[in-house]
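A short write-up of the structure that comes next.
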Number of protein chains: 2
Amino acid sequence: MAEQRKAPERKSSDERRDEIVRATLRLVAVKGFAGVTLREVATEVGVVHGLIRHYFSTRDDLVAAAFDFAVTSELASDRAMLDGLDPVAALAGWLASTPEDHYRVWIDAWSEAGRTPALAAALDRHHRDCERILTAVIDRVVDAGLGSSANPAADSRLLTAVADGVAVQHHGIAAIGVTEANDIVFGVAERQLGLAPGTLARANPVPARGQWAEGAALLAR
Amino acid sequence: MAEQRKAPERKSSDERRDEIVRATLRLVAVKGFAGVTLREVATEVGVVHGLIRHYFSTRDDLVAAAFDFAVTSELASDRAMLDGLDPVAALAGWLASTPEDHYRVWIDAWSEAGRTPALAAALDRHHRDCERILTAVIDRVVDAGLGSSANPAADSRLLTAVADGVAVQHHGIAAIGVTEANDIVFGVAERQLGLAPGTLARANPVPARGQWAEGAALLAR
DNA sequence: AGCGTTGTTGTCCAGTTGTATAACACCAGA
DNA sequence: TCTGGTGTTATACAACTGGACAACAACGCT
């Protein structure tokens, strides 16, 4: 009796690899880095779990690649977003609340970084990039004479901390809503950079940071 | 041939239960809520893993009890700490950086809360209590005529967000040190409450929040 | 047309996990 | 002294995990 074998749907190496990474990232947003299994990823992609091994030699490789992809693509889309905006709008857009799916990945990375060196490294890189980007935005605001900053790098660090903390209260604990979250961050930023109260709320481009371009497609199928 | 059975070291129900909860919490601080295993907990306590089932009917019950214990005891020790200090010292003590072990538990709870309703409930309760406590401290500062606040509850929420965000940068990403972490939080608080710069750093009681009394023993054996 | 490469499948395996349960040991009260 | 409750052990089990491998099928190249 001849074995019945389903005709495989063949894809190019890069395409399939990308598919797997995106599926992994999607699952990480729901189950966490420690919670995703090779079989779940395979099911999500629609293949057999053995195939994952053909692209990633180990599970750690897979989740590391997924997080690396998240970091890289989100930063790229954010940079693209900022380029098209005037200084104040860019500042508001950057500080505005991050969408829930993305936040879930970051916070999970924070907690997992202590156990997975690869995650810690990627997280560190991402964080430094974020701080640099925000510093550049602050510089633009100052250069345009719209605000002031004694130490843009320090202010960038401060505002990054506020944004992260507010994101926790908003997404993680559900203690505050989007409007309130933005109010807090905008308020601190306006006070810190000498902007008139309400400036950032008015300048805030509607879709929040990370919902742009590839950013929106980051976790899409 | 008679079976050899080790003579069991018998303990009172409450005592053993407490032992198990503390061991669980200790492991959670290292491996995360999703990472702790009944067998690891049993080994840490020095018993057989079947015994855990005798005290907690399910694994979820165990981790929920462990987190509940963490929340309750940390808040109790924090309250005790604040009572003995003058308003400004209390504010500084509350805002000062949290020790690493404790932080690891909270951040892990943030990420796990989305999947475990019991954790989400305990986290929500803990967060509200923290906000209330800080609000009371701000009230004390204002009542003593040492600072001002248009909306103590809102300022409490803001400062809680800043403290959480700074804790992430300090413990999770290791981007900043203790001194810098405290500088940021103290700076925002002083500006927000109209205190002279440096007031909080000078008033800061050396051992940071959570290292007090039972707080220090929280994760101890 | 023939052939090596590679994307893909199906199956196997050893290890770990949470849960279950029977047997035992100690203790208090009848 | 018996007896029932309970703290404790040992063992079993089904489910699931990451990893390994041989077989197969489509493709590119000559």
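None of these values were measured; they are calculated from a predicted model. Just the heavy atoms: all of them, side chains too, but no hydrogens, waters or symmetry mates, feed the values below. Letters A, B, ... mirror the listed sequences (proteins, then strands); counts begin at 1.
For the pair B:Leu27 CG and C:dT17 P, the interatomic distance rounds to 12 Å; values are reported in whole Å. Separating the CG atom of B:Leu51 from the C1' atom of C:dA22 is a distance of 16 Å, rounded to the nearest angstrom. B:Glu19 has its CD atom 13 Å from the C1' atom of D:dG7, to the nearest Å. Residue B:Leu62 contributes atom CG, which lies 10 Å from atom P of C:dG18 at whole-angstrom precision. Atom pair B:Phe56:CZ and D:dG7:P shows a separation of 13 Å (rounding to whole Å applied). Taking atom CZ of B:Arg17 as the reference point, atom C1' of D:dT6 lies 15 Å away to the nearest angstrom. Taking atom CD1 of B:Ile52 as the reference point, atom P of D:dT9 lies 10 Å away to the nearest angstrom. Between the P atom of D:dG18 and the CG atom of A:Asp61 lies a distance of 14 Å, rounded to the nearest Å.
Scored by the side-chain contact (heavy atoms from CB on, under 4.5 Å) test, A:His49 finds A:Arg39, A:Ala42 as partners (sequence neighbours excluded).
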Original post:
For B:Arg128 and B:Glu131, what are the C-alpha separation, side-chain angles and deciding distance, and is it a salt bridge (Lys or Arg N to Asp or Glu O under 4.0 Å)?
Top reply: CA-CA 5 Å; B:Arg128 281 178 209 286; B:Glu131 244 182 55; over 6 Å; no
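Proximity of B:Tyr55 to the phosphate of D:dT6: no side-chain N or O atom is located under 4.0 Å from OP1 or OP2. Within the structure, a side-chain polar atom (N or O) of B:Arg16 is placed less than 4.0 Å from OP1 or OP2 of D:dT8. Taking 4.0 angstrom as the limit, A:His54 places a side-chain polar atom (N or O) nearer than this to OP1 or OP2 of C:dG7. Contact check, B:Arg59 against C:dG18: a side-chain N or O comes under 4.0 Å of OP1 or OP2.
B:Trp110 and B:Tyr103 have perpendicular rings, their planes meeting at more than 60° on a 0 to 90° scale where under 30° would count as parallel.
In the region residues 30-43 of chain A, proximity to DNA chain D at under 4.0 angstrom, judged on heavy atoms, holds for A:Val36, A:Thr37, A:Leu38, A:Arg39.
In terms of position on DNA chain C, the residue among B:Ser57 and A:Val48 whose nearest nucleotide sits closer to the 5' end is A:Val48.
Ion pairing of A:Arg104 with A:Asp108 is absent here, as no side-chain N (NZ or NE/NH1/NH2) approaches a carboxylate O to less than 4.0 Å. By the 4.0 Å N-to-carboxylate-O rule, A:Arg17 lies too far from A:Asp14 to be salt-bridged with it.
Looking at B:Arg115, its side chain does come within 3.5 Å of a backbone N or O of A:Val30 through a donor-acceptor pair.
When distances run from any side-chain atom of B:Arg53 to the nucleotides D:dG19, C:dT9, C:dA20, the shortest one goes to C:dA20.
At a cut-off of 3.5 angstrom, counting only N and O atoms as typed in the model, there is no donor on one side facing an acceptor on the other between the side-chain of B:His49 and the base of C:dT16.
Within the structure, every pair that satisfies the side chain to side chain donor-acceptor pair (under 3.5 Å) test and touches residues 59-68 of chain B, not counting sequence neighbours, is listed here: B:Ser57-B:Asp61, B:Asp68-B:Arg125.
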